[in-house]
Chemist: 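I am attaching a structure below and will ask some questions about it afterwards.
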Amino acid sequence: MRMMLKVSIPVDAGNAAIKDGSLFTNMQSILADLKPEAAYFTENCGKRTGFIIFDMKDTSQIPGIAEPWFLAFNASVEIRPVMLPDDLAKAKPDIEKAVKKYG
């Protein structure tokens, strides 16, 4: 299942990781293990933040996905399923059914 991982690194932890040189090496290592479809980095709510799209086969993978970010950067992590336009199109019958029943 296609998932989006949002990783937010606290300013102090990010600054320390940049100063000691571990930010880029740890991030590259974590991303190499995750093998994302895409990864985007920006500022969000004043924190260094990554939005990372990846495939998750089983929910048992969640600790292995989140723990490296927690341990390396004291990061907050959010994981949620996401859809492409084709996925949304496939959902049309279920959406129409919900509209008929609850709309």
Side-chain angles (χ1 to χ4, degrees):
M1 177 178 288
R2 181 175 281 108
M3 305 295 283
M4 182 177 69
L5 170 66
K6 177 183 172 188
V7 177
S8 295
I9 301 171
V11 174
D12 290 343
N15 288 348
I18 285 176
K19 289 176 184 176
D20 71 16
S22 66
L23 185 118
F24 299 106
T25 56
N26 283 338
M27 194 173 291
Q28 287 175 338
S29 177
I30 294 168
L31 292 173
D33 291 341
L34 188 57
K35 298 174 183 62
E37 174 182 321
Y40 303 96
F41 298 92
T42 188
E43 171 281 330
N44 187 56
C45 298
K47 297 178 183 177
R48 293 172 180 93
T49 302
F51 293 93
I52 302 161
I53 308 300
F54 68 99
D55 185 54
M56 186 168 68
K57 305 268 188 255
D58 190 89
T59 56
S60 66
Q61 294 175 273
I62 292 172
I65 292 163
E67 289 299 333
W69 298 101
F70 294 148
L71 295 167
F73 303 113
N74 195 31
S76 62
V77 172
E78 298 175 29
I79 301 172
R80 61 183 45 126
V82 293
M83 294 185 286
L84 292 174
D86 287 347
D87 299 322
L88 186 58
K90 288 179 193 174
K92 185 178 177 186
D94 289 329
I95 293 169
E96 290 171 342
K97 182 179 174 182
V99 168
K100 284 182 183 178
K101 189 170 184 178
Y102 300 104

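Just so you know, residue 1 is the first one in the sequence shown, and it goes up from there.
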Chemist: Could you list the cluster mates of V11? Members are the ILVMFWY residues connected by side-chain heavy atoms closer than 4.5 Å, either directly or through other members.
Modeler: none

Chemist: List, by chain and then residue number, the residues other than L71 in its hydrophobic cluster (Ile/Leu/Val/Met/Phe/Trp/Tyr, side-chain heavy atoms under 4.5 Å); write none if there are no others.
Modeler: none

Chemist: Are L5 and I53 co-members of a hydrophobic cluster defined by side-chain heavy atoms under 4.5 Å apart?
Modeler: no

Chemist: Would you mind listing every salt bridge (Lys or Arg N to Asp or Glu O under 4.0 Å) that reaches into residues 59-76, with sequence neighbours excluded?
Modeler: none

Chemist: Please tabulate, for the side chains in residues 78-103, all donor-acceptor contacts under 3.5 angstrom to protein atoms that are two or more places apart in sequence or on a different chain.
Modeler:
from: E78; atom 1: OE1; to: R80; atom 2: NH2; distance (Å): 3.2
from: D87; atom 1: OD2; to: L84; atom 2: N; distance (Å): 2.9

Chemist: Rounded to the nearest 0.5 Å, what separates atom CG in N74 from atom CD1 in I9?
Modeler: 10.0 Å

Chemist: Is it the case that one hydrophobic cluster holds both V77 and I65, taking links as side-chain heavy atoms less than 4.5 Å apart, direct or via other members?
Modeler: yes

Chemist: Which heavy atom of A75 sits nearest to which heavy atom of F70, and what is that distance?
Modeler: O-CD2, 3.1 Å

Chemist: On a heavy-atom basis, which atom in F54 and which in I52 lie closest, and how many Å separate them?
Modeler: CD2-O, 3.8 Å

Chemist: Let me check something: any side-chain donor-acceptor pairs from residues 23-48 under 3.5 Å, sequence neighbours excluded? List them with distances.
Modeler:
from: T25; atom 1: OG1; to: S22; atom 2: O; distance (Å): 3.3
from: N26; atom 1: ND2; to: S22; atom 2: O; distance (Å): 3.4
from: E37; atom 1: OE1; to: R2; atom 2: NE; distance (Å): 3.0
from: E37; atom 1: OE1; to: R2; atom 2: NH2; distance (Å): 3.2
from: E43; atom 1: OE2; to: C45; atom 2: N; distance (Å): 3.1
from: E43; atom 1: OE2; to: G46; atom 2: N; distance (Å): 2.5
from: R48; atom 1: NH1; to: N15; atom 2: OD1; distance (Å): 3.3
from: R48; atom 1: NH2; to: N15; atom 2: OD1; distance (Å): 2.8

Chemist: Taking only distance into account, with no hydrogens and no angle test, what donor-acceptor pairs under 3.5 Å do side-chain atoms of residues 55-62 form with protein atoms, sequence neighbours excluded?
Modeler:
from: D55; atom 1: OD1; to: M1; atom 2: N; distance (Å): 3.0
from: D55; atom 1: OD2; to: K57; atom 2: NZ; distance (Å): 2.5
from: D58; atom 1: OD2; to: S60; atom 2: N; distance (Å): 2.8
from: D58; atom 1: OD2; to: S60; atom 2: OG; distance (Å): 2.7
from: Q61; atom 1: OE1; to: K57; atom 2: N; distance (Å): 2.6
from: Q61; atom 1: OE1; to: D58; atom 2: N; distance (Å): 2.8

Chemist: Nearest 0.5 Å please: distance from the CH2 atom of W69 over to the OG atom of S8.
Modeler: 10.5 Å

